[in-house]
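Worksheet: one structure, shown below.
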There are 2 protein chains.
Amino acid sequence: MSKKALTVADVAKLSGVTIRALHHYDEIGLLSPTRGSGGYRRYSEADVLRLQQILIYRALGLPLQRIKAVMDDPDFDVVAALQEQRTQLEARAAETSRMLESLDRALTRLRGNTALDLSALFDGFDPALYEEEAEQRWGSTAAYAESKRRTSQYTRETWARINAEADAIGERVAKAIEAGVSPTSEAGKALAEAKRLHVDRYYYPCGRRMFQEVASLYTDDPRFRQNLDRFGAGAAAFLRRAAAANARDSP
Amino acid sequence: MSKKALTVADVAKLSGVTIRALHHYDEIGLLSPTRGSGGYRRYSEADVLRLQQILIYRALGLPLQRIKAVMDDPDFDVVAALQEQRTQLEARAAETSRMLESLDRALTRLRGNTALDLSALFDGFDPALYEEEAEQRWGSTAAYAESKRRTSQYTRETWARINAEADAIGERVAKAIEAGVSPTSEAGKALAEAKRLHVDRYYYPCGRRMFQEVASLYTDDPRFRQNLDRFGAGAAAFLRRAAAANARDSP
DNA sequence: ACTTGACCCTCACGCGGCGTGAGGCCGCAC
DNA sequence: GTGCGGCCTCACGCCGCGTGAGGGTCAAGT
């Protein structure tokens, strides 16, 4: 009658799961068929029936242990289990879409810039990936918006010029340090002013007092500092002090 | 100057990752700081810088090995890696939303029916979870729509009556089998007709020929068969043959 | 100089759901 | 009896750490 027992391979083909998965379900006690003489697993129709149920729950993403509990413990609240699973899935969905958004933004920026010098914007380090952070920190400021507006229109040649100019300033700073120039001296303040004008012209309007704020990042943010200190050790610190002195001269 | 080295705990607080994660990144060669005299890890600013990058990529869901490749191999195509990641994420998003939809449908059905006898619909087995499948197989048929319309209005008492009636038919079938009645006999056909009228009245319009089709499921689908065979072995098969004979009498 | 307590280190297992062999027994056809 | 296909049981691998266990190191206080 209904005594035809199936082998693992039969059930596997029938249900679409792999043999290994059936072994696994047996191991964890989720689906344990009887055994034949040679130790072969023999799946009854009740087993196949149970497997169907298991697969339905699995398709909803329930952990196997939960499936086991739901099916074996009649006191277990199925609805509660599914609701909990819903919460989990919603969290996963939110997480995934967040990643996708970030990723798309990063891709847009990278694709827009791959032809350019990637270490161009914002004093040198590759902005495409950090822009996410910049957006969060500065996104609401007028300076950031203006900077974005201007830089979006620069051509490759323009970028090359801007970078060359920034490099030139960096090297002048390095030489000043070697020569023992004080950042608070007139020569030091002149360097800070040069840097400030550079930012003011190419990125966003930046007065002396504002530049003092910005220059504090030169030492406090390791990425700015590393970028500046490649011209010479202490360049970032020099500029910061010079910017502060320069700001005190401001009317 | 910039020689202040940080401990694991410092970096952990600073970056928000756990100490264990930093250990892990060291283990897999993703971020390997220098070591102090006592074997302590000493993170330089370059290390912190690198960690920042790592975390940016990690926030996009990239596997650590990929991050390592992207950062250490300058020939590695970052854009391609991100695009691949995008594909993966989209697949995950689709998968998750699919699960959510199925789950919501299951929850709706379960919540609507928990007060009722869950083994009521469609000859006995809990439909709330199988309905997904039923929807796919028969969702487009008029019979399914009609069945859904009718059953949605049944009260608990109605269900009890319907089930009692179905059980009575099942038991009559079992007794007929024990008594040696042939399914193709008049008595057999009468039983098939009783079952058909039951379906026709409570679920959907079902003529004799249509019922023959339906009854083929009684033996072919293990869930139908199990439900019927609980009255007695062979009940499903009996009904199928009887339904076929009954259909041949149809004008 | 010694103790204390806070920090650091290295194993090493665990999770979830199997994939992927390795090495060997079983059953049926010839 | 002998092949060959199918079945079995270990057992490790994956991914990104969490979570101890067991023991060294460092700086401060006594």
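Residue numbers start from 1 in every chain, and the chains themselves are labelled A, B, ... in the order their sequence lines are given, proteins ahead of strands. Any value given below was found using the heavy atoms of this structure, including those in side chains, with hydrogens, waters and symmetry copies removed.
- Take E84(B) and apply the salt bridge (charged side-chain N to carboxylate O under 4.0 Å, His left out) test, not counting sequence neighbours, and it matches R66(B).
- Within residues 21-34 of chain A, the residues approaching DNA chain D are H23(A), by heavy-atom distance under 4.0 Å.
- Residues satisfying the salt bridge (charged side-chain N to carboxylate O under 4.0 Å, His left out) test with R58(B), not counting sequence neighbours, are none.
- DNA chain C lies under 4.0 Å from no heavy atom of any residue of residues 64-72 of chain B.
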Listing time: all N or O pairs from protein to nucleotides 22-24 of chain C that are below 3.5 Å?
none

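- A 4.0 Å heavy-atom criterion places the boundary nucleotides of DNA chain D facing chain A at dG6(D) to dA11(D), written 5' to 3'.
- Counting only heavy atoms from C-beta outward, the side chains of Y43(B) and D10(B) never approach each other to under 4.5 Å.
- Of the residues I54(A), I67(A), D26(A), V48(A), the one that meets the side-chain contact (heavy atoms from CB on, under 4.5 Å) test with L31(A) is I54(A).
- Screening residues 69-81 of chain A for side-chain hydrogen bond (donor to acceptor under 3.5 Å, both in side chains) gives R50(A)-D72(A) as the qualifying pairs, with residues at least two apart or on separate chains.
- The terminal axes of the helix from dA1(C)-dT30(D) to dC30(C)-dG1(D), fitted over 5 pairs per end, subtend an angle of 40° to the nearest 10°.
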Between protein and nucleic acid, restricted to nucleotides 2-5 of chain C and to nitrogen or oxygen atoms under 3.5 Å apart, what atom pairs and distances do you find?
none

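- Nucleotide dC7(C) holds its P atom 18 Å from the CZ atom of R42(B), rounded to whole Å.
- With sequence neighbours left out, R241(A) forms a salt bridge (charged side-chain N to carboxylate O under 4.0 Å, His left out) with no residue at all.
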Check the interface with nucleotides 26-28 of chain C: list each N/O to N/O pair with the protein under 3.5 Å, or write none.
from    : atom 1 : to     : atom 2 : distance (Å)
dC26(C) : O4'    : Y40(A) : OH     : 3.3
dC26(C) : O2     : Y40(A) : OH     : 3.4
dG27(C) : OP1    : S37(A) : OG     : 3.1

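- Taking 4.0 Å as the cut-off between side-chain N and carboxylate O, R92(B) and E95(B) do not count as a salt-bridged pair.
- Using a 4.0 Å cutoff on non-hydrogen atoms, the parts of residues 6-17 of chain B near DNA chain C are T7(B), V8(B), A9(B), ordered by number.
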